[in-house]
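What follows is a single structure, written as structure tokens, with notes after it.
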Amino acid sequence: MRKKEAGEGKRTLKVTPIKNGIVIDHIDAGKGMIVLNILGLPDIEHGSVVSAVMNVPSKHVGRKDIIKIEDKMLDRQELNIISLIAPDATINVIKDTELVKKYRVHLPSRVKGIVRCGNPNCITNQKEPVEPSFKVVSRDPVVLRCDYCERKLTDIAKYIIH
């Protein structure tokens, strides 16, 4: 009986390159699904191919998640949301299978209209026409402070306005 070589008999699945779209890299391990959820992906109506690789080894951070989205570009609001969930994420823009631009997300100093306050008594959660507004008071971990009631938010994903 022949001895099996290392890896023999195992199937390897590869994530294929995308032709046009984005790759969100350096997402903290375990937060990739949150990013997908907040971005409303995968979007069956749009039909984009979405690939998510979770908990992969990284030289820089130990473990990370990666998301590839075919035929998608991110707007400023989506970038701000990603920066709140994964402040160290990088965005790779792909055109004709080539990397044409790479940049890190930027955590803004203020956040307006994309996160709701966790305080049910805050004026922004009443029937008043007041847009939620927060100051970023910490980057690692991300902590926001409401401009109106001064409540601090740490579990940002829970309060994202969809």
Side-chain angles (χ1 to χ4, degrees), residues 3-44 46 48-118 132 134-146 151-162:
K3 188 176 180 181
K4 278 190 175 183
E5 295 293 321
E8 188 178 339
K10 291 184 180 179
R11 290 185 352 153
T12 304
L13 298 177
K14 292 184 179 179
V15 178
T16 58
I18 59 176
K19 183 172 180 174
N20 296 298
I22 58 159
V23 177
I24 308 169
D25 196 358
H26 300 104
I27 302 168
D28 295 337
K31 293 191 176 180
M33 291 303 292
I34 296 169
V35 171
L36 283 171
N37 226 359
I38 288 169
L39 293 177
L41 296 170
D43 181 359
I44 304 303
H46 184 263
S48 291
V49 173
V50 177
S51 302
V53 183
M54 308 286 179
N55 205 30
V56 296
S58 167
K59 294 176 197 168
H60 303 286
V61 293
R63 296 254 176 227
K64 66 180 179 177
D65 293 351
I66 304 168
I67 298 170
K68 291 182 173 188
I69 310 166
E70 186 93 38
D71 298 323
K72 168 97 173 141
M73 291 298 138
L74 298 169
D75 62 29
R76 173 58 42 207
Q77 184 163 328
E78 291 169 322
L79 289 169
N80 285 340
I81 290 170
I82 292 169
S83 74
L84 291 170
I85 305 305
D88 295 320
T90 56
I91 308 298
N92 300 291
V93 179
I94 311 296
K95 295 216 189 225
D96 296 321
T97 68
E98 297 292 324
L99 175 66
V100 295
K101 187 176 183 184
K102 181 176 186 170
Y103 58 94
R104 286 184 70 166
V105 293
H106 172 72
L107 186 63
S109 59
R110 303 198 72 69
V111 177
K112 286 187 123 191
I114 59 176
V115 178
R116 66 181 167 77
C117 185
F134 297 84
K135 178 177 175 42
V136 176
V137 294
S138 173
R139 184 183 195 288
D140 187 18
V142 176
V143 178
L144 306 179
R145 187 182 67 228
C146 178
R151 171 152 310 172
K152 288 184 179 177
L153 290 182
T154 55
D155 187 8
I156 311 301
K158 183 176 172 182
Y159 298 101
I160 299 287
I161 300 169
H162 293 280

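These numbers come from a predicted model, not from an experiment.
Taking the side chain as every heavy atom from C-beta outward, Leu74 and Ile82 approach each other to under 4.5 Å. Looking only at side-chain heavy atoms (C-beta outward), Leu41 and Ile69 come within less than 4.5 Å of each other. Side-chain contact between Ser58 and Arg63 is absent, with no heavy atoms from C-beta onward closer than 4.5 Å. Under the 4.5 Å side-chain criterion, counting only non-hydrogen atoms from C-beta, Ile91 is in contact with Val105. By the 4.5 Å heavy-atom criterion applied to side chains, Leu84 and Leu144 are counted as neighbours. Counting heavy atoms from C-beta outward, Val136 and Leu107 have side chains that approach closer than 4.5 Å. By the 4.5 Å heavy-atom criterion applied to side chains, Ile22 and Asn92 are not counted as neighbours.
Rounding to the nearest 0.5 angstrom, the gap separating the CD1 atom in Ile67 from the CD1 atom in Ile27 is 3.5 Å. If you take NZ on Lys68 and CD1 on Ile24, they are separated by 12.5 Å, rounding to the nearest 0.5 Å. Atom CD1 of Ile160 and atom CD1 of Ile81 lie 5.5 Å apart (nearest 0.5 Å). Summarising the geometry, atom CG belonging to Asn37 is positioned 10.5 Å from atom CD1 belonging to Ile85; distances are rounded to the nearest 0.5 Å. A distance of 9.0 Å separates CG of Leu153 from CZ of Arg116, quoted to the nearest 0.5 Å. Here CG of Asp96 is found 5.5 Å from CG of Asn20. Values are rounded to the nearest 0.5 Å.
Judged purely by atom type and a 3.5 angstrom limit, Asp65 has no side-chain atom pairing as donor or acceptor with the backbone of Met54. A donor-acceptor pair under 3.5 Å links the side-chain atoms of Arg151 to the main chain of Gly118, judged by distance alone.
The salt bridge (charged side-chain N to carboxylate O under 4.0 Å, His left out) test applied to Asp28 returns Lys31, not counting sequence neighbours. Listed by chain and residue number, nothing satisfies the salt bridge (charged side-chain N to carboxylate O under 4.0 Å, His left out) test with Arg76 (two or more places apart in sequence, or in another chain). Residues passing the side-chain contact (heavy atoms from CB on, under 4.5 Å) test with Asp75, sequence neighbours excluded: Gln77, Glu78. Scored by the side-chain hydrogen bond (donor to acceptor under 3.5 Å, both in side chains) test, Thr154 finds no partners at all (sequence neighbours excluded). In this structure, the side-chain contact (heavy atoms from CB on, under 4.5 Å) partners of Lys112, at least two apart in sequence or on a different chain, are Glu131, Ser133. Judged as a side-chain contact (heavy atoms from CB on, under 4.5 Å), and not counting sequence neighbours, the contacts of Lys101 are Val93, Tyr103. Every side-chain contact (heavy atoms from CB on, under 4.5 Å) that Arg145 has, sequence neighbours left out, goes to Lys135, Val137, Glu150, Lys152.
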Test side chain to side chain contact (heavy atoms under 4.5 Å, CB included) applied to Ile66 and Val23, step by step: CA-CA 7 Å; Ile66 304 168; Val23 177; 3.7 Å; yes

Candidate pair Leu36 and Val50, rule side chain to side chain contact (heavy atoms under 4.5 Å, CB included), full reasoning: CA-CA 9 Å; Leu36 283 171; Val50 177; 3.6 Å; yes

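Identified under the salt bridge (Lys or Arg N to Asp or Glu O under 4.0 Å) test for residues 79-90, with sequence neighbours left out: Asp88-Arg104, Asp88-Arg139.
With Phe134 as the fixed residue, the side chain to side chain contact (heavy atoms under 4.5 Å, CB included) test singles out one of Cys117, Ser109, Pro108: Cys117.
The local environment of CE in Met33 is sparse, with at most 12 non-hydrogen atoms from other residues, nucleotides or ligands closer than 6.0 Å.
Considering all non-hydrogen atoms of both residues, Ile161 and Gly113 come closest at CD1-O, 3.8 Å. Minimum heavy-atom separation, Ser83 to Val142: O-CG2, 4.4 Å.
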